[in-house]
*Asks:* 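What follows is a single structure, and I will ask about it in a moment.
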Amino acid sequence: MTGPACAGARRRPAVFLDRDGTLTEPRHYPSRPEDLVLQAGIGPPLRALQLAGFALVVVTNQSGLARGLVDETAVAPMHRRLRELLARHQVRLDGIYLCPHHPGGTVPRFSLACSCRKPSPGMLHQAAGDLDRDLSSSWMVGDSACDIDAGHRAGTRTALVGPQPLAGVAPTLYRTTTAQALTAIAAGPGVGGRT
């Protein structure tokens with residue numbers, strides 16, 4: 001419950017998830033619904049986080065729109081498929097926030113510097129405001145330095161996922177798979193470190 005009825009109640013946390021390479025398998029500028037394939041094993045920990053009261057929010061840079069590599073009409077069907085894939089695990093996304101911008105793009109209306117493109121924290125701030133979530137108890141989960149930087153700038157804890165740690169990147173938590181990171185976050189206080 002959000003809004004005036006719960007004024008004074010402690011705001012709940014969120015898990016912000018990068019899409020490509022974190023929530024879904026990595027693809028180079030995915031542009032069709034069938035390009036989105038969930039990472040292995042993420043259903044159960046996402047469900048556990050949802051049941052624990054976390055909002056589940058996708059925050060994704062999609063510069064393919066600015067570069068003219070992805071048609072804007074493809075976005076809604078892709079995200080509909082993402083929601084359908086997650087629903088098979090009884091997981092519901094609380095929001096999908098997308099940045100279509102890139103200053104070097106070829107599509108004029110998207111070719112600009114913005115405050116939403118990660119590593120800027122604009123999408124996380126927008127989602128936290130829209131959903132009345134507490135950033136300081138939230139997590140940003142991603143596979144790139146810009147995801148971790150966005151989380152740091154927004155004031156969240158951060159989880160880096162990937163085959164190896166990234167040089168110069170200092171997340172709260174590192175795991176080789178998204179499922180492992182989500183499981184560690186769902187385990188509660190004291191998570192951290194590297195495996």
*Asks:* Mark yes or no for whether Thr24, through its side chain, and Val37, through its backbone, hold a donor-acceptor pair below 3.5 Å.
*Replies:*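 No; zero donor-acceptor contacts below 3.5 Å.
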*Asks:* Between Phe110 and Leu65, what is the shortest heavy-atom contact and its length?
*Replies:*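 Looking at all heavy atoms of both residues, the closest pair is CD1-O, 3.8 Å.
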*Asks:* Do side-chain atoms of Thr158 reach the backbone of Thr172 as a donor and acceptor pair under 3.5 angstrom?
*Replies:*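 Present.
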*Asks:* Are Met140 and Val59 close enough, and set up right, to give a side chain to side chain contact (heavy atoms under 4.5 Å, CB included), and what steps lead you there?
*Replies:* CA-CA 9 Å; Met140 175 68 219; Val59 288; 3.7 Å; yes
*Asks:* Evaluate the side chain to side chain contact (heavy atoms under 4.5 Å, CB included) criterion for residues Thr60 and Leu17: first the C-alpha distance (whole Å), next the side-chain angles of each, then the deciding distance (0.1 Å), finally the verdict.
*Replies:* CA-CA 8 Å; Thr60 178; Leu17 297 143; over 6 Å; no
*Asks:* Tell me, with the steps shown, if Thr73 and Asp71 meet side-chain hydrogen bond (donor to acceptor under 3.5 Å, both in side chains).
*Replies:* CA-CA 5 Å; Thr73 61; Asp71 189 275; 2.4 Å; yes
*Asks:* So, taking the atom named NE2 in His79 and the one named CG in Leu93, what distance separates them when rounded to the nearest 0.5 Å?
*Replies:*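 Here the interatomic distance stands at 9.0 Å.
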*Asks:* List the atom pairs, with distances to 0.1 Å, where a side-chain N or O of residues 45-54 and a protein N or O form a donor-acceptor pair under 3.5 Å, not counting sequence neighbours.
*Replies:*
{"unit_1": "Arg47", "atom_1": "NH1", "unit_2": "Gln90", "atom_2": "O", "d": "2.9"}
{"unit_1": "Gln50", "atom_1": "OE1", "unit_2": "Arg92", "atom_2": "N", "d": "2.7"}
{"unit_1": "Gln50", "atom_1": "NE2", "unit_2": "Gln90", "atom_2": "O", "d": "3.3"}

*Asks:* Tell me the closest heavy-atom pair linking Gly142 and Ile148, and the distance in Å.
*Replies:*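 Distance-wise, the nearest heavy atoms are O-CD1, 4.4 Å.
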*Asks:* Nearest 0.5 Å, what's the CG-OG distance between Asp149 and Ser144?
*Replies:*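 Spacing of CG (Asp149) from OG (Ser144) equals 9.5 Å.
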*Asks:* Test your reading of the model: is there a side-chain donor-acceptor pair from Thr183 to the backbone of Ala179, 3.5 Å cut-off?
*Replies:*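 It does hold such a pair.
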*Asks:* Is a side-chain donor or acceptor of His152 paired with a backbone partner of Ala170 at a separation under 3.5 angstrom?
*Replies:*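 Yes: the side chain of His152 pairs with the backbone of Ala170.
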*Asks:* Ala66 and His102: which non-hydrogen atoms are nearest, and at how many Å?
*Replies:*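 Minimum heavy-atom contact is CB-N, 3.6 Å.
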*Asks:* Is it the case that the side chain of Arg12 and the backbone of Asp134 share a donor-acceptor pair, with hydrogens and angles ignored and the cut-off at 3.5 Å?
*Replies:*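 Not confirmed, Arg12 side chain does not pair with Asp134 backbone.
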*Asks:* Does anything in residues 98-119 form a salt bridge (charged side-chain N to carboxylate O under 4.0 Å, His left out)? List the pairs, not counting sequence neighbours.
*Replies:*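 Listed once each, the pairs are Asp18-Lys118, Glu72-Arg109, Lys118-Asp147.
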*Asks:* Is a side-chain donor or acceptor of Thr156 paired with a backbone partner of Trp139 at a separation under 3.5 angstrom?
*Replies:*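 Absent.
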*Asks:* How far apart are the closest heavy atoms of His89 and Leu85, and which atoms are they?
*Replies:*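 Smallest interatomic distance, heavy atoms only, reads CD2-O, 3.4 Å.
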*Asks:* Take Met123 and Val57 through the side chain to side chain contact (heavy atoms under 4.5 Å, CB included) test and state the conclusion after the steps.
*Replies:* CA-CA 10 Å; Met123 287 188 285; Val57 184; over 6 Å; no
*Asks:* For the backbone of Arg133 and the side chain of Arg11, can you confirm whether one donor and one acceptor N or O come within less than 3.5 Å of each other?
*Replies:*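 Looks like yes, one N/O pair under 3.5 Å.
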*Asks:* Does Asp94 use its side chain to pair, donor to acceptor, with the backbone of Leu56 at less than 3.5 Å?
*Replies:*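 Present.
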